[in-house]
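Take a look at the structure set out below.
Keep in mind that this is a model prediction, so the values were computed, not measured.
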Amino acid sequence: MPELPEVETVRDGLARWVAGRTVARVEVTHARAVRRHLAGAQDLAARLTGATLASAERRGKYLWLPLAGRAEALVAHLGMSGQLLVQPPESADEKHLHVRIGFTDGGRELRFVDQRTFGGVLLDVLAPTVDHPEQQVPAQIVHIARDPVDPLFDEAEFSRRLRRRDSAIKRALLDQSLVSGIGNIYADESLWRARLHGERPARGLTRRQVEDLLGHVRDVLGAALRAGGTSFDALYVNVNGQSGYFDRSLSAYGREGEPCPRCGTAIARNSFMNRSSFFCPSCQRPPRRAALSSPRRAALSP
DNA sequence: TATTTAACCTGGACGC
DNA sequence: TGCGTCCAGGTTAAAT
């Protein structure tokens, strides 16, 4: 599933293959892929045709390609299975090809392919960021927090906000308005490295624990980025259709029943937030019931 | 206001 | 072989 390392790998590919090129035509073959462009597919195509894609930017799991000389950008989110592929025009259409963008140079096309259709593209105006108004991001994502590898990420502010939360740590890590780029896989991996159970209340964490957790988040994201991201199947690939290799380095996620690399206890799995959570029952002690937030306590009561 | 839940969606895996 | 069910999870509107 595309989280920060996967999206950054795609962004890097777009910067190499697409930036500086001028759009000649846009074809939308699946309306759901542009559902967040409220003016519709025709409007998206009309406004994008003739525009030059200046660069490739990212915040968290969102990508955008600013249009040269205009305060607008082509925004993309990969959802769970979205792919942005750079393909020769003559190559066969992918089964789930939803948007095709051709360029005036006649070279490789940019294709948005998405099996589960949770992702999409849209054209959006740029707006100043809250913390650094001299910087601009697409208006629809101004609520998305900076990610932990952003040089302007404010650790002190993150710690303060996290430790004020009346919810579980994992839920907070997945909240993109608190910290972006982390999904289910890297949340579990980071918590395993920090020896923290995801259901522990965020409010009970010390500053030191938050610093430690953040360090592990950065380590995991960095290692995954160097491996080209995590791929369990063909759903995540870079712009050239290649998979990443970080799944071979995962310690907890997807390893139910396998020995914990640290203590040998079998990795456990439970359901949390309608998702699977993987953890070591020995290294990551579950919180005492009294420490759980009230709704969670009520949910666990017989 | 803060937090939690449910819905969206498709195809692979699995059991019968 | 074919059918039905479950599962994967990022985002956000709606509910609590």
Could you tell me whether the side chains of R207(A) and S159(A) share a donor-acceptor contact shorter than 3.5 Å? no

For dA8(C) and S276(A) - does any side-chain N or O of the residue sit under 4.0 Å from the phosphate oxygens OP1/OP2? yes

Rounded to whole Å, how long is the line connecting atom NZ of K170(A) with atom P of dT3(B)? 19 Å

Quick one: label H143(A) by what it contacts on the DNA or RNA (base, sugar-phosphate, nothing), any heavy atom closer than 4.0 Å. sugar-phosphate

Whole Å only: how far is the CZ atom of R116(A) from the C1' atom of dT10(B)? 7 Å

Looking across every strand, which nucleic acid part, if any, lies under 4.0 Å from R161(A) by heavy atom: base, sugar-phosphate, or nothing? nothing

E94(A) and Q83(A): side-chain donor and acceptor closer than 3.5 Å? no

Could you work out which one of dT4(B), dT12(C), dC9(B) sits closest to the side chain of T117(A)? dC9(B)

Taken to the nearest whole Å, CG/D175(A) to C1'/dT4(B) is 12 Å

Which whole-number value in Å describes the distance from I169(A) CD1 to dT3(B) C1'? 17 Å

Does the side chain of N184(A) come under 3.5 Å of the side chain of E3(A) through a donor N or O and an acceptor N or O? no

Cation-pi check, R21(A) onto F103(A) ring (under 6.0 Å, within 45° of axis): yes

Do Q176(A) and R59(A) have side-chain N/O donor and acceptor atoms under 3.5 Å apart? no

Check whether any side-chain N or O of H77(A) sits under 4.0 Å from OP1 or OP2 of dT11(C), and answer yes or no. yes

For the side chain of R269(A), counting heavy atoms from C-beta on, which of dT11(C), dT3(B), dA8(C) is nearest? dA8(C)

Atom OH of Y186(A) and atom P of dA8(C) are separated, to the nearest Å, by 18 Å

Just how far, in rounded Å, is P of dG10(C) from CG of L174(A)? 7 Å

Of all the nucleotides listed (dT3(B), dG11(B), dA8(C)), which has the minimum atom distance to the side chain of Q115(A)? dG11(B)

Could you check how far CG of L38(A) sits from P of dA13(C), rounded to whole Å? 11 Å

5'-most by nearest nucleotide on DNA chain B - R203(A) or N274(A): R203(A)

Closest to side chain of H96(A), choosing from dT12(C), dT3(B), dG11(B): dG11(B)

Protein-nucleotide distance (L173(A), atom CG; dT3(B), atom P), rounded to Å: 14 Å

Have a look at R35(A) and say if it touches a base, only the backbone sugar-phosphate, or nothing, with a 4.0 Å heavy-atom cut-off. nothing

Under 4.0 Å between any heavy atoms, over every strand shown, what does R171(A) touch: base, sugar-phosphate, or nothing? Just pick one. base

Between M273(A) and R32(A), which has a closest nucleotide on DNA chain B that is more 5'? M273(A)

